[in-house]
Student: 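I have a structure I would like to understand better, so I am pasting it below and will then ask my questions one at a time.
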Amino acid sequence: MRRLVLLGLLGIAGSGCGVEPPPDDVTPQEQPLCPELVVQSKAAPIASSRATGTASSALSSGNAQPMLVRFRAQKGSRTAAALRGREDRVRSLGARVKRHWPTLDAMALSLTPEAQARLAQDPDVLSIEPDHEVSALGTRPMASSATPRLQGGGIPSEYTQALRMTQANEVWDPDNEGTLKQGAPNGSGRTVCVVDSGMDLQHPEFQAVYAGGKDFVDDDDEPEDKDAQGAWGGGHGTHVAGIIAAQPGVHGNVNPNDPTLSPSGVVGAAPGVRLLVARVLDTDGNGRVSDVISAVEWCVKQKANIISLSLGSSDSSDLERDAFDKARAAGLLSFAASGNGGETATEESRVYPAAYDSVIAVGAVDEEAKHPAFSQIGPHLDFVAPGVNIYSTYPRGNAPYANLSIGGTFYASSALDYVPYEEYEGKLLNCGQGKGLRSCPEATCDGFVAFVERGGDITFADKVRNVRSQGARAVIIGNNKPEEDESMLFTLGSDALWPPVTAVTTTLVPTFLAQVGQNVRLGIQGSDYAFSTGTSMATPYASAVAALVWSARPDLTSDQVLEILQKSARYIPNPAQPSNTEQNDVFGYGLVQARAAVERALVYPSSP
């Protein structure tokens, strides 16, 4: 839209310099009625100049690329002097050192092509591979969902449908009283290390369980999902952590307009665990495999029992595989998301680290334990867990929800993401499908609320831009697909200077069209909880169930815990593999079942 304004100004200036006017049969290009209201993109944050940054950071000057380098095993003891000598040698060849892993005889380096060529000639170098990117494997969380996702009623209203599907609450609250039963396994004595985008360390749901963290993005000990300016990222890590360890009876701010949500927040599947947080993803949900490797090593050193990774890449790494192999040999269980690509995983499309032999791959199921189209499948899949419209914790005040009313009557609606926390009241105008810059009759730059219908082969973002440029200070989008009324997880796609925007169901569209001309109040506020979908959400459920089993029997080995999970899972048949009765490509061993697993663990023979 900014370009349209400039073209208009250039046309006016040019007309005074002998430029021919357009022919009569050419329609002049539409210009915004209110140029000062044209939606502008927010300025991109300045990239860090730190050489140890992740995917979004500047790695070094020139055309240097992030690479992983494996060396021959260090002869003799790995003394500090010997390690420094190796670092000095690679620096002399033009490399910049990001990470050094003595136990793997490897480094993460920033290398120009020339430096890489020189390093490849070093007889001490075994291999050089890209330090490829990894990404979060869940959708951007949304504040609310139109369909009830909680059981509600009575004391245990915090128990979501997803939690009940895993049977976790039946382990630590067998009487369904809404409290942890004394002596029942709840994850206590076990440590889960969440490797993700960091989390909101001050969220009330985590104060009793957070035991420390490491930020491999900013290289400090405060793994919060924030950029250098203090702006929150996508909240992915906070959402994942809550699925594991949110506390019963402790809560933050809940959307009060949604009667399906418990005012007490949520409870995690293993609320008694000790929670460690390793941040490896930036505020855009992206990172480097070198930081994942470092995080895995850190989790091992911190004596974690379980690593939960809701991230991945279609690229494998020998060094990453070795790091997970060492973690497994040290007695840890690593759970990772199978991926959201939807297709049957091939050797080329498998998502790593889930596809490594030493990592447990977790796929998603919906509320009916059916396979959602996005969840990647394949012979490497181990388990499935709930992963559709999962309600969990979110950075405080950052999950938008809408207060929409006409004449004092409240109407349920779903706030789109990236919208500001603002309130506006004004006259409702019907802007049709929001096509073009003249779609709102009676538009005025003094402001109004635009009602826009979904459809017309135009994105929500473009609809909002169009009506905003005509003076709209708030926007209501009317859904036209009844099958999506239950979720309406709509997005504006990117961070920008948007007005408040919300969406109403198909059943409410006639109501709002009948109210055109009336005053409408639309306000956006922030909640501490959100819904999200993906194999990212399934993974922490499986990790938490493993923690419950291990807390019931701390003497078990990691292999024994895994065997118990396999034999206790609720097997779900795959019609395409009728002969497979233990494990199949769509559901693995099946849906993780905490109560069944703990019962099996309690009678599992003790090791001699």
Student: Run the salt-bridge test on Asp282 and Arg288 with the 4.0 Å N-O cut-off and return the result as yes or no.
Tutor: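 The answer is no: the pair does not qualify as a salt bridge.
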Student: Can a donor-acceptor pair be found, under 3.5 Å and without considering hydrogens, that links the side chain of Arg553 to the backbone of Ala601?
Tutor: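 Yes.
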Student: Are Phe383 and Val545 packed together at the side-chain level, in the sense that at least one heavy-atom pair is separated by less than 4.5 angstrom?
Tutor: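 They are not in side-chain contact.
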Student: Between Gly265 and Val254, what is the shortest heavy-atom contact and its length?
Tutor: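 So the minimum-distance heavy-atom pair works out to N-CG2, 4.0 Å.
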Student: For the atom pair OH (Tyr401) and CG (Asp258), what is the distance rounded to the nearest 0.5 Å?
Tutor: 11.0 Å
Student: Where do Asp219 and Arg99 land on the salt bridge (charged side-chain N to carboxylate O under 4.0 Å, His left out) test, with the steps shown first?
Tutor: CA-CA 11 Å; Asp219 280 341; Arg99 305 274 187 234; 3.2 Å; yes
Student: Does Asn186 use its side chain to pair, donor to acceptor, with the backbone of Ser188 at less than 3.5 Å?
Tutor: yes
Student: With heavy-atom distances below 4.5 Å as the criterion, would you say the side chains of Phe335 and Asp382 are in contact?
Tutor: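 Side-chain contact under 4.5 Å: no.
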Student: Taking atom OG1 of Thr166 and atom CD of Gln161, what is their separation to the nearest 0.5 Å?
Tutor: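 Separation between the atoms: 10.0 Å.
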Student: Are any non-hydrogen side-chain atoms of Leu68 and Trp101 less than 4.5 angstrom apart?
Tutor: yes
Student: Is Ile307 close to Ser543 at the side-chain level, that is, under 4.5 Å between some pair of heavy atoms?
Tutor: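 Ser543 vs Ile307: side chains apart.
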Student: Centres of the Tyr394 and Tyr529 rings: under 6.0 Å?
Tutor: no
Student: Among side-chain atoms of Lys326 and Thr103, is any donor-acceptor pair under 3.5 angstrom?
Tutor: no
Student: Do His236 and Ser536 touch side chain to side chain, with heavy atoms closer than 4.5 Å?
Tutor: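 When only atoms from C-beta onward are counted, Ser536 and His236 do touch, with a gap below 4.5 Å.
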Student: To check you understand the geometry: which heavy-atom pair defines the closest contact between Ala402 and Leu522, and what is its length?
Tutor: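 Distance-wise, the nearest heavy atoms are CB-CD1, 4.2 Å.
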Student: Any chance you could lay out the side chain to side chain contact (heavy atoms under 4.5 Å, CB included) test for Gln167 and Leu548, step after step, and finish with the verdict?
Tutor: CA-CA 11 Å; Gln167 299 183 333; Leu548 293 179; over 6 Å; no
Student: Answer yes or no: are there more than 12 heavy-atom neighbours, outside Glu222 itself, under 6.0 Å from its atom CD?
Tutor: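 Not more than 12 within 6.0 Å, no.
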Student: For the residue pair Trp298 and Phe216, categorise the inter-ring angle as parallel (less than 30°), tilted (30 to 60°) or perpendicular (more than 60°).
Tutor: perpendicular
Student: Nearest 0.5 Å, please: how far is CG in Leu404 from CD1 in Ile524?
Tutor: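 If I round to the nearest 0.5 Å, the distance is 8.5 Å.
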Student: Under the ring pair (Phe, Tyr, Trp, His ring centres under 6.0 Å) test, which residues partner Phe374, sequence neighbours left out?
Tutor: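 Listed in chain order: nothing, the list is empty.
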Student: Is Asp221 reaching over with its side chain to a backbone N or O of Lys214, donor-acceptor style, under 3.5 angstrom?
Tutor: no
Student: Does Asp196 come within less than 4.0 Å of Arg279, counting only side-chain N to carboxylate O?
Tutor: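 Result for this pair is no, no salt bridge flagged.
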Student: Decide side chain to side chain contact (heavy atoms under 4.5 Å, CB included) for Tyr210 and Val277; before the verdict, give the C-alpha distance in whole Å, the side-chain angles of both, and the deciding distance to 0.1 Å.
Tutor: CA-CA 8 Å; Tyr210 178 63; Val277 177; 3.9 Å; yes
Student: Checking Phe587 against Leu381 for the side chain to side chain contact (heavy atoms under 4.5 Å, CB included) test, could you report, in this order, the C-alpha distance in whole Å, the side-chain angles of both residues, the deciding distance, and whether it holds?
Tutor: CA-CA 7 Å; Phe587 302 100; Leu381 189 67; 5.5 Å; no
Student: Does any N or O in the side chain of Ser392 come within less than 3.5 Å of the main-chain N or O of Ile243, such that one atom is a donor and the other an acceptor?
Tutor: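 The answer is yes, because a donor-acceptor pair under 3.5 Å joins these two groups.
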Student: How long is the straight-line distance from CD1 of Ile306 back to CG of Leu332, given to the nearest 0.5 Å?
Tutor: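 One finds 8.5 Å between CG of Leu332 and CD1 of Ile306.
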Student: Between Ser527 and Asn253 (side chain of the first, backbone of the second, donor and acceptor by atom type, cut-off under 3.5 Å), is there such a pair?
Tutor: yes
Student: Do Gln376 and Thr535 have a side chain donor and acceptor closer than 3.5 Å?
Tutor: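 On atom types as modelled, these side chains do not qualify, holding no pair under 3.5 Å.
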Student: Just grab all the salt bridge (Lys or Arg N to Asp or Glu O under 4.0 Å) pairs involving residues 200-212, residues at least two apart or on different chains.
Tutor: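 Only Asp200-Arg396 qualify under salt bridge (Lys or Arg N to Asp or Glu O under 4.0 Å).
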Student: Looking only at side-chain N and O atoms, does Thr238 offer a donor or acceptor that is under 3.5 Å from a partner on His203?
Tutor: no
Student: With a 4.5 Å cut-off on side-chain heavy atoms, are Thr393 and Met199 touching?
Tutor: no
Student: When you measure from the side chain of Tyr356 to the backbone of Ser317, do you find a donor-acceptor pair of N or O atoms at a distance under 3.5 Å?
Tutor: yes
Student: Using atom types as modelled and distance alone, determine if a side-chain donor or acceptor of Gln207 lies under 3.5 Å from a backbone N or O of Leu201.
Tutor: yes
Student: For Asp131 and Ser290, indicate whether the former's side chain and the latter's backbone hold a donor-acceptor pair under 3.5 Å.
Tutor: yes
Student: Could you tell me if the side chain of Ile293 sits less than 4.5 Å from the side chain of Leu104, heavy atoms only?
Tutor: yes
Student: Any salt bridge linking Arg321 with Asp318? Criterion: basic side-chain nitrogen under 4.0 Å from a carboxylate oxygen.
Tutor: yes
Student: On a heavy-atom basis, which atom in Gly178 and which in Asp173 lie closest, and how many Å separate them?
Tutor: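 Smallest heavy-atom distance, with atoms named: N-OD2, 2.7 Å.
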Student: If you measure from OH on Tyr159 to CG on Asn169, what distance do you get to the nearest 0.5 Å?
Tutor: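 With rounding to 0.5 Å, OH (Tyr159) is 6.0 Å from CG (Asn169).
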Student: Given Asn398 and Tyr421, is the side chain to side chain contact (heavy atoms under 4.5 Å, CB included) satisfied, shown in steps?
Tutor: CA-CA 9 Å; Asn398 279 269; Tyr421 299 109; 4.2 Å; yes
Student: Compare every heavy atom of Ser157 with every heavy atom of Ser262, then report the nearest pair and how far apart it is.
Tutor: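 Minimum heavy-atom separation between Ser262 and Ser157: OG-OG, 2.7 Å.
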Student: Under 3.5 Å, is there a donor-acceptor pair between the side chain of His380 and the main chain of Ala354?
Tutor: no
Student: Which residues pass the salt bridge (charged side-chain N to carboxylate O under 4.0 Å, His left out) test with Arg570, not counting sequence neighbours?
Tutor: none
Student: How close do Val194 and Ile244 get, counting heavy atoms only, and between which atoms?
Tutor: CG2-CD1, 3.8 Å
Student: Between Ser197 and Gly237, is there a donor-acceptor pair closer than 3.5 Å when you use the side chain of the first and the backbone of the second?
Tutor: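 Checked: pair present.
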Student: State, without any angle test, whether Asp227 and Thr283 hold a side-chain donor-acceptor pair at a distance under 3.5 Å.
Tutor: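 Asp227 vs Thr283: no donor-acceptor pair found between side chains.
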Student: Mind checking the CG-CZ spacing from Asp357 to Arg328? Nearest 0.5 Å is all I need.
Tutor: 10.0 Å
Student: Over 60° means perpendicular and under 30° means parallel, so tell me whether Phe531 and Tyr391 are parallel, tilted or perpendicular.
Tutor: tilted
Student: Less than 4.5 Å apart, side chain to side chain, heavy atoms only: is that true for Leu276 and Cys299?
Tutor: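 No; the side chains remain at least 4.5 Å from each other.
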Student: If every non-hydrogen atom of Thr502 is compared with every non-hydrogen atom of Ser414, which pair is closest and at what distance?
Tutor: OG1-O, 3.1 Å
